[in-house]
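I have placed the structure first, in the form of structure tokens, so that the comments after it can refer back to it.
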Amino acid sequence: MRHVHIPVQRVARAARASAMPARGLGDKARWYLPAAVSADLIGAGVPVGLVFAAAQQARPLFCALGTALAWTSVQLIRRRYAGRALGESRGVLPVVHDWLILIGVLAVARVVTGENTPRLSALGALVPALLITVACHKLTYRHLSAARREAQAVSRVLVVGEPAAAESVIGHLAARTDHPYVVVGVVPVGPAGLDSGVPVAARLGSEASKSPTGDSAAVLGAVAAHRADLVLVAPGARLAGERLRRISWALHDAGLELAVFPGLVEVSVKRLETLSAGGLAMLRVAPPVSRGMQPLLKSVLDRTGAALGLVLMSPVFLAVVLAIRCGSRGPAFYRQRRIGRDGVPFVMWKFRTMVVDADALKAELSGANENDGLMFKMRRDPRVTRVGRLLRRTSMDELPQLINVVAGSMSLVGPRPPLPEEVAEYDEVELRRLAVRPGMTGLWQISGRSDLSWDETIQLDLQYVDNWSFTSDVDVMGRTLRAVVDGRGAY
């Protein structure tokens, strides 16, 4: 895969973290916890009290207090108030899971207490708790993400390992800011140089030190010098077995955290399972989901959702067709050959957003391509019509692809369907994105679309292919609405 460029601002983030006093994950904004608890208490208690009072329930205040305490108890048991969890998730599905547990708890309490408020009213009174908690999570997530771009509320990491492995870890962590780790120093094994620019805190010899504490003392000294919160080891042939074991003993005896990078990238933790055999610690990596109930649910959701969408959006289709025909000469629909699952070509439908001879003009504009990879993208493409700009800005030009979803050549969620000339240039890594049906929306669409580099696009697609689940599709569809409203990267 092509070299991943690390933006200057992300290198600066690491530099700021090195210069700042040692701070940990516990230094998140102090208002996170009271905001979360207050949102849960108010969101669960107030609506229940109002609904039960309106239904003339005998003890509305008691029911409101009980519901509020039940909701916060569920959150507490699920460790949603832990320092490491606050602000870390913007997902809806974990909150929905907790909310369903709350419904089960309250259903039991209803039977025990003999409470007789109509079931539908009682259920409706619990909906605000779900919505307010989700909104609170999104608020803290946005605030924490902004803080981490400024190297606040981060965990300072010291990387230990052979130079090539250490460089790989540093590059992956520096390329993104959606995690709490900032590398402040590196301890390479052996004399080889490093190109990352991260300060070399110490060096370990190619062979284990003859002194039982030699390697450990070097690592502990580096930790103290750079005020590291976590030591991340990238093991290799010269850093494994007994040597790594002694370093782990020293770190744990000093009260420091140790993490080991297993060499895997873009693998969801849901697919990992720890095993032990003969004293060896191992990771089992489950294969991507390709059979069973989840793919069946995806197929049902695709076909029924697309068919329902075509029916409900038919007035919009008519309005868009009229606007296109009045705005420029030519047909309202545009058909283009794309490559689908397993390299099978298909005809993709879109609303026409360009002039009729746009494909013929593409060669003349090749030098103006603003994408760094195989896709052709121009922020101000002269071939796009006035109506077409609005359609692209709102993503309405993609609506006819519902026809492709009903036909089975596309999915509601999946990688972007590539052009044949793009696929002709794919390497073996990029070809893997064709292992699933392309989608109308996906991680690419909700993460910046045309503003992403080619490598970032491929990375997101491979992440989807390898870690797909039905719940991840539901999450992507939920986040698509915000991406459409935001319009970032749509041109």
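Quick note: numbers below take in every heavy atom, side chains included, and nothing from hydrogens, waters or symmetry partners.
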Q: Show your working on side-chain contact (heavy atoms from CB on, under 4.5 Å) between Thr480 and Val413 and close with a plain yes or no.
A: CA-CA 10 Å; Thr480 295; Val413 181; over 6 Å; no

(Q) Give me the atom names and distance for the closest heavy-atom approach of Pro235 to Phe261. (A) CD-O, 3.2 Å

Q. What are the two closest non-hydrogen atoms of Met396 and Phe351, and how far apart are they?
A. O-CD1, 3.3 Å

Q.
Is any side-chain heavy atom of Val289 closer than 4.5 Å to one of Pro295?
A. yes

Q: Take Val184 and Arg227, measure what side-chain contact (heavy atoms from CB on, under 4.5 Å) needs, and give me the verdict at the end.
A: CA-CA 9 Å; Val184 295; Arg227 306 184 304 280; over 6 Å; no

Q.
Is there a side-chain contact between Tyr32 and His143 in this structure, where contact means two heavy atoms from C-beta onward sitting under 4.5 Å apart?
A. yes

Q | Ring geometry between Phe317 and Phe333 (parallel below 30°, tilted from 30 to 60°, perpendicular above 60°) | A | tilted

Q.
If I take atom CD from residue Gln401 and atom OG1 from residue Thr441, how far apart are they, to the nearest 0.5 angstrom?
A. 10.0 Å

**Q.** Asp397 side chain to Thr353 side chain, donor-acceptor N/O pair below 3.5 angstrom
**A.** no

Q. Got a second to check how far Arg437's CZ is from Leu412's CG, nearest 0.5 Å?
A. 9.5 Å

Q: Calculate, to the nearest 0.5 Å, the distance between atoms CD1 and OG1 belonging to Ile324 and Thr385 respectively.
A: 7.5 Å

Q: Could you pull out the closest heavy-atom pair between Ser121 and Val51, with the gap in Å?
A: O-CG1, 3.7 Å

**Q.** Spacing of CG belonging to Leu391 relative to CZ belonging to Arg352, to within rounding of 0.5 Å
**A.** 10.0 Å

Q: Say whether, by atom type as modelled, one donor and one acceptor occur between the side chain of Trp99 and the main chain of Leu126 under 3.5 angstrom.
A: yes

Q. Is there a side-chain contact between Leu297 and Met293, using heavy atoms and a 4.5 Å cut-off?
A. yes

Q: Keeping the roles fixed (side chain from Asp229, backbone from Arg156), state whether a donor-acceptor pair exists under 3.5 Å.
A: yes

Q | Phe470 side, atom CZ; Leu296 side, atom CG - distance, nearest 0.5 Å | A | 10.0 Å

Q. Less than 4.0 Å between a side-chain N and a carboxylate O, is that true for Asp461 and Arg416?
A. no

Q) Distance-only, no hydrogens or angles: does the Glu398 side chain make a donor-acceptor pair with backbone N or O of Ser395 under 3.5 Å? A) no

Q: Answer whether the closest heavy-atom distance between the side chains of Thr457 and Pro415 falls below 4.5 Å.
A: no

Q: Check whether the side chains of Ser469 and Lys270 place a donor and an acceptor atom closer than 3.5 Å, and report yes or no.
A: no

Q: Test Glu88 against every option in His179, His137, Lys28 by the side-chain contact (heavy atoms from CB on, under 4.5 Å) rule and name the one that passes.
A: Lys28

Q) Does Ile339 reach the side chain of Val344, with side-chain heavy atoms less than 4.5 Å apart? A) no

Q: Output yes when Arg80 and Asp40 qualify as a salt bridge under the 4.0 Å nitrogen-oxygen rule, no when they do not.
A: no

Q.
I'd like to know if the side chain of Asn404 and the backbone of Val347 have a donor-acceptor N/O pair within less than 3.5 Å.
A. yes

Q: Can you see which heavy atom on Pro47 is nearest to which on Ala125, and at what distance?
A: CB-O, 3.4 Å

**Q.** Closest non-hydrogen atom pair, Gly414 against Tyr464
**A.** CA-CE2, 3.7 Å

Q.
If I take atom CD from residue Gln75 and atom CG from residue Leu41, how far apart are they, to the nearest 0.5 angstrom?
A. 10.5 Å

Q.
Counting only heavy atoms not in His252 (residues, nucleotides, ligands), do more than 12 fall under 6.0 Å from its NE2?
A. yes

Q | Side chains of Ser290 and Trp468 in contact at under 4.5 Å (non-hydrogen atoms) | A | no

Q | Within 6.0 angstrom of Leu312 CG, more than 12 heavy atoms from elsewhere | A | yes

Q) How about Pro345 and Arg338: do any of their side-chain heavy atoms sit closer than 4.5 Å? A) no

Q) Is there a salt bridge (Lys or Arg N to Asp or Glu O under 4.0 Å) between Glu257 and Arg84 once you walk through the steps? A) CA-CA 14 Å; Glu257 289 194 33; Arg84 288 185 175 274; 2.8 Å; yes

**Q.** Side-chain (Ser314) to main-chain (Val311) donor-acceptor, under 3.5 angstrom
**A.** yes

Q: List the steps and the verdict of side-chain contact (heavy atoms from CB on, under 4.5 Å) for Ile103 and Leu123.
A: CA-CA 8 Å; Ile103 291 175; Leu123 182 61; 3.6 Å; yes

Q.
Among Arg271, Arg432, Arg433, which residue satisfies the salt bridge (charged side-chain N to carboxylate O under 4.0 Å, His left out) criterion with Asp466?
A. Arg432

Q: Take Leu106 and Thr67 through the test side-chain contact (heavy atoms from CB on, under 4.5 Å) and record every step on the way to the result.
A: CA-CA 7 Å; Leu106 295 180; Thr67 302; 3.9 Å; yes

Q) With side chains defined as the heavy atoms from C-beta onward, is the minimum distance between Asp475 and Thr471 less than 4.5 Å? A) no

Q) What is the minimum heavy-atom distance between Leu230 and Tyr181, and which atoms define it? A) CD2-CE2, 3.7 Å

